[in-house]
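Everything on this sheet refers to the single structure shown next.
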Amino acid sequence: MITRHPFATRLALIAGGALIAGLSVTAVPRAQGNAPYVIGAVLTISGSGANFGQPSAEAIKLLVKNVNDHGGIKGHQIDLRLQDDGGDTQRARAAFAQLADDKSVLAIIGSSASPASLAIKPIANDKQIPDLTLGSSPLLSHPPTPYVFQFPVPTSLRARALFDEMKRRHIAKIAEFVSNDDYGQVSEKILDAEAKRAGVALVDIERFDAMGASVDSEVTRAKSKDIQGFIVFSADPGSALVAKSMVNQGVNLPAFADSPAVNPGFLQAAGESASHWTVVTTKIDIADLVHPSDPSYKAIQALVKLYPADAKPNHFSGTGADAFNILIAAIAKAGPDRAKIRQAIEDTKGYDGVTGVYTFSPDVHQGVGSEGLELVTGDNGHFKLAR
Amino acid sequence: MEAFVQYLINGLAVGGVFALVAIGYVVVFRVVRIVNIAQGDFLAAATLVFLWLMNAHAGLVVAALGAVAAALVAALFVERIAVTAGGWYDELRAFLLTLAASQLIQGALLLCFGTQYLTMPSSAPPIVSLGNVHFNGIYLLVIAIVVVALAGLVLFLERTPLGWAMLATADDPLAARLCAVPVRTMGLLAFAIAALVAGIGGAAYGAVAIGSWNAGTTLSTAGFAAAVLGGMKDPIRAAIGGFTLGILQALVSGYAASYLQDPLTFVFLVVVLLAPATLRALRRRRARPATVAA
């Protein structure tokens, strides 16, 4: 109606448009000659799952550049079509279907979180395009479906590593904190089963909002139940929220958390009490401490050196890198044919990746076990091996 | 009883931050009649900048000034978009534009700070102990900051010529303009005050909680519910609304379950919105038989 400052307004809107545009990226191949191999990716670069999706997207972009700089796949440059689903299942479905309908797209990596990945799963099988998912829900690969392959270390194995550690330390009664979202809901069932298996009693279960302002009241209630420790399986920044509330109330009990806790923000929130925390993660998060004899050593070093000095890959970068590298190997072996690429991924055996050793088969589409897992703890603003 | 006291203190600290968001809503709404849904994002931006500067060892004063500056930049951006482009008193359009601006601010924070969240530099906070109740001493500071900010705002509005000009604009912009009050400047000033309050709130929130690019959504919702309790007009009632909501959330989390916090915010909103009309209807129904008899 009234536009007294049309230029300023237009400038603001253009800046806004540029911001939105900045969230959706398409990497264009540099070299000419052989037709490029087109790879799709539907990842959560913005929205609530961006903490998972951004590191994976960053790793994949760096890897694409690296492969292209080294001549591509047998002379074919890679054309990465990266779409942001914003953590929205409908957007993920639409983006995936659009990529799948383009016959030049050979395979698609994504999505980053389980809900979007579960929404994509039937389309991948319907349109017969390999989907390399980074979601961790067991439903993504149990039972296996022909075209969907899963890359994160299963939640049950991560939980088991923590409960085994509790058993070793004679911790028998704990409070469980899970985020009130899909990740937390799936984790709750798994934690229940793994706690029973380890003989640890879950005397208090707190389902909390990982984006909430505080979990002080939940920590107050949990500590009143005579517990010996905490376990936290939450999306970011849930673990930090629990750590912060424990610090705020001077609670110094042992605490255990899933891999999202491995980041500088968590260490800050936990402060000096970070040494009471044990976090399960993959070795990429402690890249400097991995021994050269470790099967993951080479893959980790190769990924780390792609990053600038002020940036580091994390657990989610590692999972994205493993999906990408296995896909590239499959394309190199099978050529530009979706069905043959699917077969080549399924034939992958003993691949030493960043987050573990990958083996797929017709019956196993969740390709990695617990060998890549490590327990870490906070130590003066850094993570070190728990023992 | 100990648990109750603990919940109460937790609730007051979080409620204090909700109160500051609510005050921002009220100031802007009164002067330019816009429900500025990006108010929580001003606070999120301020929190991130505050924590970033604290972690860069810039010192408390510089960090707090940085927080206010960040909120000010966000607020001027929204003012330009929602008021200038949306037009004064085109409420629906302006509301939708603030919604878009909220997403843009979150996008900008994501681009600037990434997905990494920030907290205060590692150090043990001063723990205050009352019997078996232990809490972060900074909570008391947060509550004090809210009270001082509120008192300052009320004094400004009621005791200074600029405050009177703002109130005049809020009550009747046309009459205010006839009295040579620069109405547009008053709108800008309302956003600046909302930013100042958000900046203070951002520093307080950063001191006790976690800063992340998308924290604004939760804060906007809670702050809006609290502001509605104040009838969107009275900063003091809005602040009371904020504290009430914070305490209610803490009690629900403590005695029931924390996942009921968000639904509680909306129940609170519905009750506050419907209660006056329902009470009026009930009063009318009670009064009706008397009228018939007469």
Side-chain angles (χ1 to χ4, degrees), chain A residues 1-6 8-13 15-16 19-20 22-23 45-48 50-55 180 206-209 211-218 220-221 224 236-237 240-241 243-245 247-251 263-274 380-381, chain B residues 3 6-7 10-11 13-14 17-18 55 77 80-81 84-88 90 93 100-101 103-104 106-108 110-111 114-125 127 129 134-136 139 205 208-210 212-215 217-219 222 249-251 253-255 257-259 261-262:
Chain A
M1 197 171 68
I2 300 169
T3 48
R4 282 187 51 178
H5 302 286
T9 309
R10 225 178 301 146
L11 203 65
L13 292 175
L19 272 177
I20 292 172
L23 296 176
I45 302 168
S46 64
S48 60
N51 302 38
F52 305 143
Q54 268 207 352
N180 180 29
E206 301 289 347
R207 303 168 188 95
F208 69 103
D209 177 8
M211 288 309 303
S214 153
V215 290
D216 282 358
S217 296
E218 292 82 345
T220 304
R221 181 170 45 199
S224 72
D236 267 345
L241 209 54
K244 186 91 185 163
S245 283
V247 171
N248 282 344
Q249 295 181 43
V251 178
N263 65 62
F266 169 80
L267 283 174
Q268 267 188 349
E272 287 165 16
S273 71
N380 284 326
Chain B
Q6 183 92 54
Y7 298 148
N10 300 343
V14 175
V17 177
F18 294 166
N55 282 295
F77 171 65
R80 288 286 97 174
I81 282 196
T84 310
W88 275 62
D90 188 348
R93 187 144 63 131
Q103 294 299 308
L104 287 173
Q106 290 194 10
L110 183 62
L111 287 178
T115 55
Q116 187 58 58
Y117 46 90
L118 294 172
T119 66
M120 286 288 272
S122 301
S123 63
I127 300 289
S129 297
H134 310 283
F135 59 93
N136 186 341
Y139 281 14
Y205 191 64
V208 293
I210 287 168
S212 66
W213 62 277
N214 54 356
T217 309
T218 308
L219 293 170
Q249 282 197 351
L251 291 176
S253 296
Y255 290 117
S258 57
Y259 61 88
Q261 265 188 14
D262 284 346

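The structure displayed is predicted, hence computed values, not measured ones. Here is the naming used below: chain letters follow the sequence lines, and residue numbers restart at 1 for every chain.
Contact tally against chain B (heavy-atom pairs below 4.5 Å) for S273(A), A274(A), A240(A), S224(A): the top residue is A240(A). Considering only heavy-atom pairs separated by less than 4.5 Å from chain B, the leading option among V215(A), D216(A), V251(A), L241(A) is D216(A). Residue with the most contacts toward chain A among V14(B), I127(B), L118(B): I127(B) (heavy-atom pairs, distance under 4.5 Å).
With a threshold of 4.5 angstrom between heavy atoms, S214(A) approaches chain B through its backbone and through its side chain. For N180(A), the part sitting under 4.5 Å from any heavy atom of chain B is the side chain, from C-beta outward, and nothing else. The part of T218(B) that comes within reach of chain A is its side chain, from C-beta onward, which places non-hydrogen atoms under 4.5 angstrom from that chain.
Y7(B) meets the ring-ring contact (aromatic ring centres under 6.0 Å, His included) test with Y255(B); sequence neighbours excluded. Residues forming a ring-ring contact (aromatic ring centres under 6.0 Å, His included) with F208(A) (at least two apart in sequence, or on another chain): F177(A).
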Intermediate values then yes/no, side chain to side chain contact (heavy atoms under 4.5 Å, CB included), W213(B) and L111(B): CA-CA 9 Å; W213(B) 62 277; L111(B) 287 178; over 6 Å; no
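Nearest heavy atoms, N136(B) versus N248(A): ND2-OD1, 2.7 Å. The shortest heavy-atom contact between Q6(B) and H134(B) is NE2-O, 2.7 Å.
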